[in-house]
Chemist: 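Got a structure here, written out as structure tokens. Questions coming.
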2 protein chains.
Amino acid sequence: MVVVEATKDEATVLGDAEISAIGGLLADRARCRVLMALGDGRALPASVLADEAGVSRSTASSHLGKLTDAGLLLVETHGRHRYYRLAGRHVGELLEKLTQIAPAQPVRSLRDGNRAAHLRAARTCYDHLAGRLGVAVMTSLLRRDLLTGGDGTVDAHDPIAGYGRDAEYTVTEAGWAFLGDIGVRVPDGTRRLVRYCVDWSEQRHHLAGRLGRSLLDRFLDQGWLAHRDRSRSVKVTDAGTAVLAEKFDITWKT
Amino acid sequence: MVVVEATKDEATVLGDAEISAIGGLLADRARCRVLMALGDGRALPASVLADEAGVSRSTASSHLGKLTDAGLLLVETHGRHRYYRLAGRHVGELLEKLTQIAPAQPVRSLRDGNRAAHLRAARTCYDHLAGRLGVAVMTSLLRRDLLTGGDGTVDAHDPIAGYGRDAEYTVTEAGWAFLGDIGVRVPDGTRRLVRYCVDWSEQRHHLAGRLGRSLLDRFLDQGWLAHRDRSRSVKVTDAGTAVLAEKFDITWKT
DNA sequence: AAAATGATTCGCCCGGTGTCGAATCGTCGC
DNA sequence: GCGACGATTCGACACCGGGCGAATCATTTT
């Protein structure tokens with residue numbers, strides 16, 4: 001005869017409702033695909049997420065609403081677009097834990113750890129540069145007044161991601177000279193010249209738009225960066241390290 | 001116009017089905033209560049879990065079946081009882097992550113970390129000792145042949161949790177002498193004298209049964225152990241540390 | 001101002017699943 | 001052996017939640 005003592009401590013009592021609520025959100029494949037598409041911190045518009053999840057716009061909208069209501073996603077309105085991204089580092093970590101458990105853990109645990117680290121260090125986002133490297137480049141340009149703008153709420157020289165309206169960045173005269181110097185040529189086009197993306201893993205802005213793309217293209221063309229396997233993560237070559245140091249005043253470690 | 005490049009890398013493609021499956025399991029309050037009841041690694045029979053979750057036996061049985069099928073729970077049959085426990089460390093960690101996110105994180109993150117650590121170090125399980133301390137005591141007794149038995153598949157002196165049938169532990173003559181020496185008196189009763197529990201957080205056996213209870217009682221009576229706040233975790237006092245070192249050959253660090 | 005585009009809301013359908021009680025199977029104790 | 005007890009299976013019921021298209025709202029573009 002086993003005597004069961006009172007074991008309903010506080011931690012056990014409060015929580016099951018909240019946890020099951022989160023479980024309910026994770027219980028849907030479309031929502032999981034949305035979360036995984038945002039897994040590396042990108043901010044994506046609703047329509048892209050709908051395609052990514054393979055459901056209609058209306059269905060996606062419903063899912064996105066639920067995820068934001070629950071606080072797993074944040075939304076930022078830019079014109080007629082609404083960009084969604086993960087609400088915090090913890091959400092990304094939760095996803096990582098889940099993927100670890102999901103397939104009864106295959107062998108590649110170490111490899112996966114590296115993958116995540118690499119993604120945070122340097123990756124592409126759409127067609128431009130993101131991650132710590134992307135933010136470093138953006139910061140470098142702002143510090144030397146080659147680029148000006150930002151929402152100015154904190155520090156015009158720090159691309160910190162605020163919650164204000166559009167931060168309008170513009171290239172200065174010195175900026176154009178610098179870009180010419182390193183061989184960046186920006187083609188004409190209807191797309192906005194300078195845009196920014198919120199880099200979630202760093203909570204900072206990185207450079208996007210036509211200029212952001214041209215810059216990344218130049219880095220890849222010159223062999224300063226190279227795509228790592230077939231993922232979005234990129235590797236800084238020795239030549240790239242040198243260029244970053246000389247031209248951008250960035251010391252890139254490993 | 002933003003060009004979205006092909007970003008469906010392997011990690012994103014495989015996974016959403018498995019993750020949503022786990023989400024589906026977490027989506028139910030009763031199942032969450034079951035998981036949280038098992039959160040510290042205890043192994044509990046189905047009926048207790050049914051009560052803990054507040055549902056009927058049949059419903060609980062259904063839930064337990066789903067959780068074990070999915071590999072989140074392990075089950076061990078002892079006579080007419082079936083003991084369920086978490087399938088691994090990762091499951092516990094997943095639960096921790098979830099509780100962190102659940103209530104939009106309150107302030108007490110540090111405190112919770114300590115709580116979990118304390119539980120793993122030393123806690124009560126029903127009415128006996130568990131956690132690292134519980135396993136250490138068990139090991140000490142086996143090493144000195146004060147207790148013999150175990151399923152013998154690996155090492156008779158290591159209370160490793162195997163998957164064999166009941167491990168029958170018995171107290172030796174020297175064992176009784178030792179117990180008398182430290183003042184443990186085991187009252188009569190119908191309950192089995194020596195039993196073991198699977199200590200999940202250590203994947204080892206710890207001492208249960210009438211003897212396990214008497215041992216814990218002695219430790220508490222003498223002030224060698226003290227309950228921490230109102231939880232199941234216990235604290236080793238200075239006197240306790242001394243006794244563990246002298247009598248059990250256990251060095252207890254903080 | 002009108003047309004185009006992104007996003008959300010609404011109404012409807014349908015499949016999946018939690019819940020229980022009754023019945024069944026297996027083990028323990030007298 | 002016979003009853004007591006723990007656990008699971010089965011059938012029936014109710015309800016929640018995902019899915020889509022059409023309509024609506026908001027913003028940008030021509």
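Below, each value reflects all heavy atoms present in this structure, side chains not excepted, and no hydrogens, waters or symmetry copies. So you know, we letter chains A, B, ... as the sequences are listed, proteins then strands, and number each from 1.
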Chemist: 5' to 3' on DNA chain D, which nucleotides open and close the contacts with chain A (atom under 4.0 Å from a heavy atom)?
Modeler: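 Taking any atom under 4.0 Å from a heavy atom of chain A, the span is D/dG18 to D/dT28.
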
Chemist: Just distance, no hydrogens or angles: give the donor-acceptor pairs under 3.5 Å from side chains in residues 21-28 of chain B, sequence neighbours left out.
Modeler:
| from | atom 1 | to | atom 2 | distance (Å) |
| --- | --- | --- | --- | --- |
| B/Asp28 | OD2 | B/Ala30 | N | 2.9 |
| B/Asp28 | OD2 | B/Arg31 | N | 3.1 |

Chemist: Please write out each protein N/O paired with an N/O of nucleotides 3-10 of chain C under 3.5 Å, distance rounded to 0.1 Å.
Modeler:
| from | atom 1 | to | atom 2 | distance (Å) |
| --- | --- | --- | --- | --- |
| C/dT5 | O2 | A/Arg80 | NH1 | 3.2 |
| C/dA7 | OP1 | A/Ala46 | N | 3.3 |
| C/dA7 | OP1 | A/Arg82 | N | 3.3 |
| C/dA7 | OP2 | A/Ser47 | N | 2.8 |
| C/dA7 | OP2 | A/Ser47 | OG | 2.8 |
| C/dT8 | OP1 | A/Arg82 | NH1 | 3.2 |
| C/dT8 | OP1 | A/Tyr84 | OH | 2.5 |
| C/dT8 | OP2 | A/Ser61 | OG | 3.0 |
| C/dT8 | O5' | A/Ser61 | OG | 3.1 |

Chemist: Note down the inter-axis angle between the two ends of the helix from C/dA1-D/dT30 to C/dC30-D/dG1, five pairs each, to the nearest 10°.
Modeler: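 Here the helix ends are tilted 30° relative to one another.
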
Chemist: With sequence neighbours left out, what residues match B/Ser61 under side-chain hydrogen bond (donor to acceptor under 3.5 Å, both in side chains)?
Modeler: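 Partners of B/Ser61 under the side-chain hydrogen bond (donor to acceptor under 3.5 Å, both in side chains) test: none.
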
Chemist: Is it true that a side-chain atom of B/Arg85 and a backbone atom of B/Ala43 form a donor plus acceptor pair closer than 3.5 Å?
Modeler: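 Not confirmed, B/Arg85 side chain does not pair with B/Ala43 backbone.
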
Chemist: Ignoring hydrogens and angles, tell me if any N or O in the side chain of A/Thr68 forms a donor-acceptor pair with the backbone of A/Leu73 under 3.5 Å.
Modeler: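 Answer holds: no.
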
Chemist: Find the distance between CG (B/Leu44) and CG (B/Leu64) and round it off to the nearest 0.5 Å.
Modeler: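 Here the rounded value is 10.0 Å.
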
Chemist: Taking 4.0 angstrom as the limit, do A/Glu96 and B/Lys97 come out as a salt bridge?
Modeler: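 B/Lys97 and A/Glu96: not salt-bridged.
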
Chemist: So, B/Ser20 side chain and B/Asp16 main chain: donor-acceptor pair closer than 3.5 Å or not?
Modeler: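 Present.
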
Chemist: Do the ring planes of A/His78 and A/Tyr83 sit parallel (below 30°), tilted (30 to 60°) or perpendicular (above 60°)?
Modeler: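 Perpendicular: the ring planes of A/His78 and A/Tyr83 meet at over 60°.
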
Chemist: Have a look at B/Arg31 and say if it touches a base, only the backbone sugar-phosphate, or nothing, with a 4.0 Å heavy-atom cut-off.
Modeler: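 Sugar-phosphate only.
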
Chemist: Checking B/Arg82 now: which residues fulfil side-chain contact (heavy atoms from CB on, under 4.5 Å) with it, not counting sequence neighbours?
Modeler: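 Per chain and number, B/Arg82 pairs via side-chain contact (heavy atoms from CB on, under 4.5 Å) with B/Val75, B/Thr77, B/Tyr84.
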
Chemist: Does B/Thr99 reach the main-chain N or O of B/Leu95 with its side chain, forming a donor-acceptor pair under 3.5 Å?
Modeler: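 Indeed, once roles are kept as given, a pair shorter than 3.5 Å links the two residues.
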
